[in-house]
Number of protein chains: 2
Amino acid sequence: MSELEESIKSYFGVPNEENLATIMSVFEFQKIKKGAFLLKVGEYCRSLSFVQSGLLRMYIPTPDKDITQWISTTGDFTTDLSSFIFETPSRLSIQALTDTEIFTLSKENYNRIGNEVSEWHELEKFFIIRCFVMLEERIFSHLSMTAEERYNVFFEKHRELFHQVPLQYIASLLGMSPETFSRIRKNLEK
Amino acid sequence: MSELEESIKSYFGVPNEENLATIMSVFEFQKIKKGAFLLKVGEYCRSLSFVQSGLLRMYIPTPDKDITQWISTTGDFTTDLSSFIFETPSRLSIQALTDTEIFTLSKENYNRIGNEVSEWHELEKFFIIRCFVMLEERIFSHLSMTAEERYNVFFEKHRELFHQVPLQYIASLLGMSPETFSRIRKNLEK
DNA sequence: ATAAATCCTTGATTTTTATCAAGAGCAATA
DNA sequence: TATTGCTCTTGATAAAAATCAAGGATTTAT
């Protein structure tokens, strides 16, 4: 079974075989070169992508610096949800940190799934609720933890990332400067 | 038309009259005294509530202090979504800051709506996506703004709250100490 | 009405984190 | 191979925010 199929089942629950086949059939395979953009700020995000392999960084450019919102890795879905669903200009860019393989679902095909697969909205709802809960936890980490504590929590969950992406991006998504990040690492290695 | 009915329409879109009637009929009116709990940490959250009037504070108790996650006011829905949906112990408490009137939807009735109202899951999905996007913005505020900037953004959106709830709770939900909050206010009044 | 709580403010101090600046290590490139 | 970018580290300093402590104001309870 493909990685994508596995992930659909594990994220969305197991629809019946026929529906799963329908869902699978509308994803399109695509390769993105390192440094290329899947989405740029201001564009309309017309697709939702599943990462088959590689790494994608979502970030929001601001006047003084880029804010890394998240880094998507193998097995993740990525999109600007707001732009994709409500068809508004995207507030973020998505760029490949390495050569990346994705399965892409266009807005048209996404809508088709909604019409053709009766459980879809419900499955999707559960999926989004899980994402929502993760964001709640992330906010909690900013309300109650120091930079070092956020570092530790993130490190426990995402060790792999630490030797795959520039650490400055992880610092940014944790809400601290690269220098602070570096010093925390130095401290912990003792 | 009732406040609840208005809000259902504006948050969830307009289902047909019959469905709207079905939805409305399963909410139960309830009064909560100031200081009383709608939900306590560790309990299973069995309901989703609409605030008809009054104020509810959601917070997470930690060893050294309570972290206010959000304050719900007239027209808001409130619940521990994770606990309600996945039937896990709640990680937060919900307490009334004033005498409060709510319309409550039990998990059973919530499920009934899902079965009886065909568009329900889709409407709900849109609703949750909007909540998700709000959390994304809140995270962004912690990644890129100072305490004072977060204060200003929040103040613009939620002026009413500033003369209705203890300011320390607002400080907490913005991720700063009450003293910092107080000093920011002093600074701004000049 | 008085006492007790709660809440906000303010000052002094400490801690945390950001900023600035420089340099080292490494990889890509010409 | 030399050069150019990156990336990370480190130190020095500055700024932001937390903590500690006290006092005043207001609300709530007795």
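Keep in mind it's a predicted model, so treat the numbers as computed, not measured. The sequence lines fix the lettering, A, B, ..., with proteins before strands; numbering per chain opens at 1.
For the OP1/OP2 pair of C:dA18 and a distance below 4.0 Å, the side-chain nitrogens and oxygens of A:Ser177 include at least one atom meeting the criterion.
A side-chain donor-acceptor contact under 3.5 Å links B:Thr68 and B:Arg57. Side-chain polar atoms of A:Thr22 and A:Glu116 form no donor-acceptor pair below 3.5 angstrom. No side-chain donor-acceptor contact under 3.5 Å links B:Thr74 and B:Ser53.
Side-chain proximity of A:Ser182 to C:dA12, C:dT9, D:dT9: nearest is D:dT9. Side-chain atoms of A:Arg183 lie closest to C:dT19 of the nucleotides C:dC8, C:dT17, C:dT19.
Within the 4.0 angstrom heavy-atom criterion, only backbone atoms of the sugar-phosphate kind lie near A:Gly175; the bases stay farther away. Nucleic acid contact class of B:Lys34 (heavy atoms, under 4.0 Å, all strands): sugar-phosphate only. Contacts of B:Glu179 with the nucleic acid, taken as non-hydrogen atoms under 4.0 Å apart, include base atoms.
Rounded to whole angstrom, the span from the CE atom of A:Met145 across to the C1' atom of D:dA17 amounts to 19 Å. Taking atom NZ of residue B:Lys186 and atom P of nucleotide C:dG11, one finds them 5 Å apart after rounding to whole Å. Between the OH atom of A:Tyr151 and the P atom of C:dT17 there is a distance of 14 Å, given to the nearest Å. Atom CG of B:Leu167 and atom C1' of D:dT27 are 15 Å apart (whole Å). To the nearest angstrom, P of C:dT19 lies 14 Å from CD of A:Gln168. Protein atom CE of B:Met176 is 16 Å distant from nucleotide atom P of C:dT17, rounded to whole Å. B:Phe181 places its CZ atom 14 Å from the P atom of C:dT10, with the value rounded to the nearest Å. Per the geometry, CZ belonging to A:Arg185 stands 11 Å off C1' belonging to D:dT9, to the nearest Å.
Checked for salt-bridge contact, A:Asp99 and A:Lys31 miss the test: no charged N lies under 4.0 Å from a carboxylate O.
Across the helix from C:dA1-D:dT30 to C:dA30-D:dT1, the helix axis at one end is tilted relative to the axis at the other end by 40° (nearest 10 degrees, each axis from five pairs).
Under the 4.5 Å side-chain heavy-atom criterion for Ile, Leu, Val, Met, Phe, Trp and Tyr, B:Val41 and B:Ile71 are members of distinct hydrophobic clusters. Put simply, A:Leu105 and A:Phe29 are part of the same group of oily side chains (I, L, V, M, F, W, Y) that touch within less than 4.5 Å, one to the next.
The two residues A:Arg91 and A:Asp80 have their closest heavy-atom pair at N-OD2, 3.2 Å.
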